[in-house]
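The structure under discussion is supplied below as structure tokens; questions concerning it will follow.
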Amino acid sequence: MPELPEVEVVRRGLARWASGRTVASVEVLHPRAVRRHLPGAADFAARIAGSTLDEPRRRGKYLWLPFGDAAVLAHLGMSGQLLVGEADAPPQRHLRVRLAFADDGLDLRFVDQRTFGHLMVCPLVPDPRGGEGGVPDVIAHIAADPFEPVFDDEAFFKALKRKQTGVKRALLDQSLISGVGNIYADEALWRAGLHGERPTARLTGAQSALLLRSVREVMDEALRAGGTSFDSLYVNVNGESGYFERSLNAYGRRDEPCARCGTAILREVFMNRSSYSCPRCQPRPRLVR
DNA sequence: GGAAGGACCTGGAGGC
DNA sequence: TGCCTCCAGGTCCTTC
């Protein structure tokens with residue numbers, strides 16, 4: 001599933017293959033892929049055609065290709081892929097949007113099996129987080145991701161203390177920290193030795209710092225491995241899978257021995273999805289009356 | 001206003 | 001072989 005490391009791998013691919021190129025035409029093959037572009041598919045295509053794409057940028061799981069004072073914003077959802085390939089290559093089964101370029105070179109395709117991903121065109125606005133360059137207006141509300149220089153560790157800790165929720169839910173809250181999804185939340189919590197239901201208000205400064213360090217470590221290692229691919233649903237722009245899945249310690253390891261203590265990894269249902277943890281290294285918090 | 005739960009969506013896997 | 005059910009999860013919307 002595309003989380004921050006996977007999206008960053010895609011961004012780097014787009015930087016090589018798409019930036020500086022002029023879009024000749026846009027073909028929307030499935031309207032759901034541009035459902036968040038409210039003026040519709042025809043407007044989406046017309047806005048992009050003729051534009052020269054700048055260096056792609058990313059915040060959390062969102063990436064965007066700026067052109068002028070606007071950008072093509074992409075979210076890959078669960079199964080979205082941005083692929084470059086020969087312009088005359090046959091269409092993929094779940095091809096949703098295709099961009100052809102004026103240089104007649106490789107085209108850019110948005111392929112998405114489960115259609116949770118989307119593309120849209122939106123204006124760039126000044127970054128409320130203080131970062132350089134503009135950000136698409138529709139994602140101005142999300143937090144910086146933990147690799148951005150503007151991410152404030154102390155402000156993150158203070159926000160956790162104000163919340164009345166569990167630490168995993170907080171990690172998945174893109175208004176607190178962006179880019180963390182279910183896989184890396186579980187991995188970071190395993191590294192930090194924290195149970196996902198531990199109340200954020202009861203975390204110490206040291207625990208918050210350890211958690212952030214764990215998030216950064218696991219994502220950095222995943223990025224070096226090209227991302228996490230459980231199946232063909234995540235690939236880079238050239239269609240290649242990452243191999244960080246082999247390094248996961250908790251996620252997807254149900255009943256396998258914990259790499260630290262040997263206790264069987266536990267799978268629980270959390271927020272209508274799976275949550276994996278070691279019951280010994282990550283003890284469930286005690287109820288406070 | 002904040003927290004929590006459900007809907008959306010598709011296809012692979014497994015059971016019968 | 002075919003049908004049915006379950007599962008995967010990011011984001012938005014609704015409910016409490």
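In what follows, chains carry the letters A, B, and so on, assigned in the order in which the sequence lines appear, proteins first and then strands, with residues in each chain numbered from 1.
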Residues passing the salt bridge (charged side-chain N to carboxylate O under 4.0 Å, His left out) test with A/Arg284, sequence neighbours excluded, are A/Glu197, A/Glu268

For residues 39-59 of chain A, the ring-ring contact (aromatic ring centres under 6.0 Å, His included) pairs (sequence neighbours left out) are A/His37-A/Phe44

Could you tell me whether the side chains of A/Glu6 and A/Tyr184 share a donor-acceptor contact shorter than 3.5 Å?
yes

Applied to residues 144-174 of chain A, the ring-ring contact (aromatic ring centres under 6.0 Å, His included) test, sequence neighbours excluded, yields A/Phe151-A/Phe156

With sequence neighbours left out, the residues meeting ring pair (Phe, Tyr, Trp, His ring centres under 6.0 Å) with A/Phe110 are none

Under a 4.0 Å heavy-atom criterion, the protein footprint on nucleotides 11-16 of chain C, written with B, S and -, is BS----

When rounded to whole Å, the CD to P distance for the pair A/Glu268 and C/dC7 reads 15 Å

Whole-Å distance, A/Phe270 CZ to B/dG6 C1', equals 15 Å

Atom CG of A/Asp112 and atom C1' of B/dG11 are separated, to the nearest Å, by 12 Å

The correct set of residues in residues 157-165 of chain A placing a heavy atom under 4.0 Å from DNA chain B is A/Lys163, A/Gln164, A/Thr165

Going by chain and number, the hydrophobic cluster around A/Leu73 (ILVMFWY, side chain to side chain under 4.5 Å) further includes A/Tyr62, A/Trp64, A/Met120, A/Leu124, A/Val125, A/Val135, A/Val138, A/Ile139, A/Ile142

Rounded to whole Å, CD of A/Gln81 lies from P of B/dG11 at a distance of 13 Å

- Task: Tell me, with the steps shown, if A/Arg58 and A/Asp145 meet salt bridge (Lys or Arg N to Asp or Glu O under 4.0 Å).
- Result: CA-CA 9 Å; A/Arg58 181 191 56 74; A/Asp145 69 53; 2.9 Å; yes

Atom CZ of A/Arg114 and atom P of C/dC6 are separated, to the nearest Å, by 17 Å

Of A/Arg169 and A/Thr115, the one whose closest nucleotide on DNA chain B sits nearer the 5' end is A/Arg169

To the nearest angstrom, the CD-P distance between A/Glu197 and B/dA4 comes to 10 Å

Students should find that the end-to-end axis angle of the helix from B/dG2-C/dC16 to B/dC16-C/dG2, with five pairs defining each axis and rounding to 10 degrees, is 50°

Across all chains, not counting sequence neighbours, the salt bridge (charged side-chain N to carboxylate O under 4.0 Å, His left out) partners of A/Lys168 are A/Asp186

Students should find that the hydrophobic cluster of A/Met271, defined by side-chain heavy atoms under 4.5 Å apart, otherwise consists of A/Leu172, A/Phe270

Applying salt bridge (charged side-chain N to carboxylate O under 4.0 Å, His left out) to A/Asp103 and not counting sequence neighbours gives A/Arg21

Checklist entry - Looking at A/Ser79, does any N or O in its side chain come under 4.0 Å of the phosphate oxygens OP1/OP2 on B/dC9? => result no

When rounded to whole Å, the CD1 to C1' distance for the pair A/Ile183 and C/dC7 reads 14 Å

Across all chains, not counting sequence neighbours, the salt bridge (charged side-chain N to carboxylate O under 4.0 Å, His left out) partners of A/Glu55 are none

Taken to the nearest whole Å, CG/A/Leu176 to C1'/B/dG2 is 12 Å

Result for 5'-nearest mapping on DNA chain B, choosing between A/Gly166 and A/Arg93, is A/Gly166

